[in-house]
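Please read all numbers here as calculations on a predicted model, not as lab measurements. Chain naming here is simple, since letters A, B, ... match the order of the sequence lines and numbering starts at 1 in each.
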Amino acid sequence: MKIKPASLPTRLPVATTAGDFIAEYTGQGLSGLSFPRRTGAKSDLAETKVPLPEIRRWHVLTTKAVKAALAGKPLPPLPPLDLARGSAFQQSVWRKLQQIAAGRTQSYGEVAAAIGRPKATRAVGTACGANPIPLLVPCHRVLAARGGLGGFTAGLDWKRLLLEREGSLP
DNA sequence: GGACGTTTCTATG
DNA sequence: CATAGAAACGTCC
């Protein structure tokens with residue numbers, strides 16, 4: 001009987017000084033990344049299956065990228081991202097977010113204009129919230145127009161911390 | 001229909 | 001200038 005591990009995503013911990021992130025992989029690439037429950041928390045991943053070689057290769061890249069992001073540095077090359085579960089609108093937003101360099105920020109309205117939907121600012125906020133790969137798809141670099149932070153699904157403390165490390169916090 | 005990780009425009013003082 | 005109300009967008013409950 002052949003092993004068929006590809007149907008469900010593979011989950012692997014990413015150990016950092018800030019705690020353990022959880023990376024999630026499909027056959028197409030990195031499909032999700034979740035923050036530690038609290039700053040410094042370790043993962044509760046009991047099952048440590050041996051992942052496919054390809055995924056292990058991706059995970060090395062993910063780990064490096066997460067550490068760079070936490071340090072506020074530009075991201076190294078990423079593994080392929082599997083964003084297929086997002087709508088066309090969401091994917092266009094997420095793609096745009098990746099073009100915001102470390103140390104730069106944009107408002108929800110600017111992102112909306114950049115994807116050709118100037119009036120969809122609020123929908124951009126919703127799309128950011130639905131981002132499956134925060135941190136590496138830098139939704140934390142999207143702020144409210146008038147100096148406000150906006151929101152952050154994983155907690156505003158994270159958003160503040162990341163922006164501070166990138167030198168973007170006024 | 002209502003609510004959201006918003007923005008922008010229109011009144012009114 | 002400050003404040004208030006309303007409209008607009010995409011997604012989920």
Expected output check: what is the dot-bracket annotation of DNA chain B, where ( ) and [ ] are pairs inside the strand (brackets for crossing ones), | is paired with another strand, and pairs are Watson-Crick or G-U under 3.5 Å? ||||.||||||||
List, one per line, each side-chain donor-acceptor pair under 3.5 Å for residues 60-79 of chain A, sequence neighbours excluded.
unit_1	atom_1	unit_2	atom_2	d
T62(A)	OG1	Y25(A)	OH	2.9
T62(A)	OG1	W58(A)	O	3.1
T63(A)	OG1	H59(A)	O	2.8

Name every residue in residues 106-121 of chain A that has at least one heavy atom under 4.0 Å from any atom of DNA chain B, in order of residue number, or write none if there are no such residues. S107(A), Y108(A), G109(A), T121(A)
Tell me which pairs pass ring pair (Phe, Tyr, Trp, His ring centres under 6.0 Å) where either residue lies in residues 78-106 of chain A, with sequence neighbours left out. none
Can the ring centres of F152(A) and W158(A) be said to be less than 6.0 Å apart? no
What residue pairs, at least two apart or across chains, pass salt bridge (Lys or Arg N to Asp or Glu O under 4.0 Å) with a residue in residues 128-144 of chain A? R141(A)-E166(A)
Which residue pairs satisfy the salt bridge (Lys or Arg N to Asp or Glu O under 4.0 Å) criterion with at least one member in residues 15-24 of chain A, sequence neighbours excluded? R11(A)-E24(A)
With rounding to whole Å, what would you report as the distance between dG2(B) and dA6(C) at their P atoms? 13 Å
Interatomic distance at P, dG1(B) relative to dA8(C), whole Å: 15 Å
Taking the P atom of each, how far is dA3(B) from dG5(C), in whole Å? 15 Å
Selection residues 74-91 of chain A - residue pairs positive for salt bridge (Lys or Arg N to Asp or Glu O under 4.0 Å), sequence neighbours left out: none
Where the side chain of K42(A) meets the backbone of G19(A), is there a donor-acceptor pair that is under 3.5 Å apart? no
Note: contacts of residues 123-160 of chain A with DNA chain C (heavy atom, under 4.0 Å) are A123(A), T126(A)
Close N/O contacts between protein and nucleotides 2-7 of chain C (under 3.5 Å):
none

Output side-chain donor-acceptor pairs under 3.5 Å for residues 120-135 of chain A, partner residues at least two apart or in another chain, one line each.
unit_1	atom_1	unit_2	atom_2	d
T126(A)	OG1	R122(A)	O	3.3
N131(A)	OD1	I133(A)	N	2.9
N131(A)	ND2	V137(A)	O	2.9

Given atom CZ of R85(A) and atom C1' of dC12(C), what is their separation to the nearest angstrom? 14 Å
Side chains of residues 95-105 of chain A: which donor-acceptor pairs under 3.5 Å do they make with residues two or more places apart or in other chains?
unit_1	atom_1	unit_2	atom_2	d
K96(A)	NZ	Q99(A)	OE1	3.2

Can you tabulate the close N/O pairs, meaning under 3.5 Å, that link protein atoms to atoms of nucleotides 10-13 of chain B?
none

Just checking R160(A): does its CZ atom have more than 12 heavy atoms from other residues, nucleotides or ligands closer to it than 6.0 angstrom? yes
Spell out, as yes or no, whether a donor-acceptor pair under 3.5 Å connects the side chain of Q90(A) to the backbone of S87(A). yes
